[in-house]
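For reference, the structure discussed in these notes is given below.
First listed ligand is number 1; within each ligand, the first listed atom is number 1. These numbers come from the heavy atoms of this one structure, side chains and all, not from hydrogens, waters or symmetry mates.
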Amino acid sequence: AGLEAAGTDNVLLVTDSYKVTHHLQYPPNTSIVCSYFESRGGKFPTTVFFGLQYILKRWLVGQVVTKEKIQEAKELYELHFGQDIFNEEGWNYILEHHNGYLPLRIKAVPEGTVLPTKNVLFTVENTDPKCFWLTNYFETVLVQAWYPMTVATNSRYQKEIIAKYLHETADSLAGLPFKLHDFGFRGCSSVESAGIGGTAHLVNFVGTDTISALTTARKYYGCHIAGFSIPAAEHSTITTWGEHGEKEAFRNMLQKFPTGLVACVSDSYNIWHACGEVWGEELKEEVVSRGDNGTLVIRPDSGEPAEIVVKVLEILGEKFGTTLNSKGYKMLPPYVRVIQGDGISYESLAGILENMKMHGWSSDLLAFGSGGALLQRMDRDTQKCAFKCSYAVINGKEINVFKDPVTDRGKTSKKGRLTLEKQDRNFVTVQEGRGDPAKDEMKVVFENGKLLKDFSFEEIRRNAEIDLVKNEN
Ligand SMILES: O=C1OCCC/C1=C\Nc1ccccc1
């Protein structure tokens, strides 16, 4: 244990093989290469920009070029290409003239900003004319921002759906931050990915079981505690009591966690029996006696979610009684709630909440857990994230660089020096150097190895807040 996640800490190795040969492919006397990152569109029309700071701190900030790393890269690439094409001179130049700090400037829209797709999100340029080849060397690791961005975006769209139903059927939206709980750790491709994606979800919510998100948010976003959870059962802690021991298993949960919230997965054998006869009759007194200072959260975990949730609520309403809230929707007593952690995704959420509403139930009664759909069921194409060169200086002459494939106009790239500006509160990307740098919403976050802006998690959460008024209708 203790080995680095990617099998390396050598940033010279954190790139695509073909990029190791690109310093030989630019025109002679190229002095500047400037590239940008954008979401070209995709599933959601707006995107939450999040996660660049992690990549900068993890890989690019500080004296990341050393003699040893150059030597290691030289040896590996000799083996990998079977020929000497490694840019040893270029890397030694960085070591000797920049003391191992990367001569790059990165400007980015503030973390947490929500803006329409097809806008420039960050730009990268070399600050030393000898290092023109460096700009795109780090495309590979910088484009991995697609993942935290897409998780934060998908999670935020779910927050808007839940907010809408709370506004329609609940007394308040106070519970919103806890309404979508991260169940996704095990479904992620790695502990590191879970930390990154889990943190991205916590931009919008505070409920999580992905502990690597807590440590990632603390280490990379200075957030002392970014998320919360509660005592909860899993099937093994119920089924080890035997099929006829479920009541004892449930009673044990109430006794071991006498106050606060406690969640019990209740579908091991028969969810209807568990809710009606066990929670609703045999253990009813122990549930009711928790009163205001203890809430049992019943967790179904199978069946068609929209139907299961309403049927569970009907049984619980029958056993524990209901009241009507200020919006005229049914509520259960404060000591019993439901969490649905199976089959939850952006696509399934509204159907569940709509079915509850149609049957007169307040959305306040239900929380959701989401795993694979929250942290893993997405790729770089979900939001069409791309990194392209838009500007270069060659022989001292400025060139607006672009691609415009006749075979896919959707892949046309932006030209020239770019700024992100606001016109009547709308974001606009100004191209070909026609923008006003003084109006650029993108700020320098990285320059010559130094992090110039360290976003706090509360600042990011504030930037990404949903518009509650808009979710009223
Ligand atoms: O089922 C699960 O699978 C994956 C990991 C978490 C998890 C459940 N946790 C939980 C937390 C708070 C309230 C209820 C459940």
Out of A233, A263, P231, who is nearest to atom 13 (C) of ligand 1 when you count heavy atoms only? A263
Would you mind listing which atoms of ligand 1 come within a distance below 4.0 Å of any non-hydrogen atom of [X]?
{"X": "I230", "value": "12 (C), 13 (C)"}
{"X": "R299", "value": "1 (O), 15 (C)"}
{"X": "S229", "value": "11 (C), 12 (C)"}
{"X": "R186", "value": "3 (O), 4 (C), 5 (C)"}

Is the centre of the [X] ring less than 6.0 Å from the centre of the [Y] ring?
{"X": "F183", "Y": "H181", "value": "yes"}
{"X": "F250", "Y": "W279", "value": "yes"}
{"X": "Y221", "Y": "F50", "value": "yes"}

Do any nitrogen or oxygen atoms of D209 come within less than 3.5 Å of a nitrogen or oxygen of ligand 1? yes
By ring pair (Phe, Tyr, Trp, His ring centres under 6.0 Å) - contacts of Y346 (at least two apart): F44
Top protein contact for atom 2 (C) of ligand 1, by heavy-atom distance: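 Going by distance alone, atom 2 (C) of ligand 1 is nearest to F183 CD2, 3.6 Å.
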List the residues meeting side chain to side chain donor-acceptor pair (under 3.5 Å) with K57, not counting sequence neighbours, and say none if there are none.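 K57 satisfies side chain to side chain donor-acceptor pair (under 3.5 Å) with D454 once adjacent residues are dropped.
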Is it true that the NZ or CZ of K179 lies under 6.0 Å from the centre of F368's six-membered ring and within 45 degrees of the ring axis? no
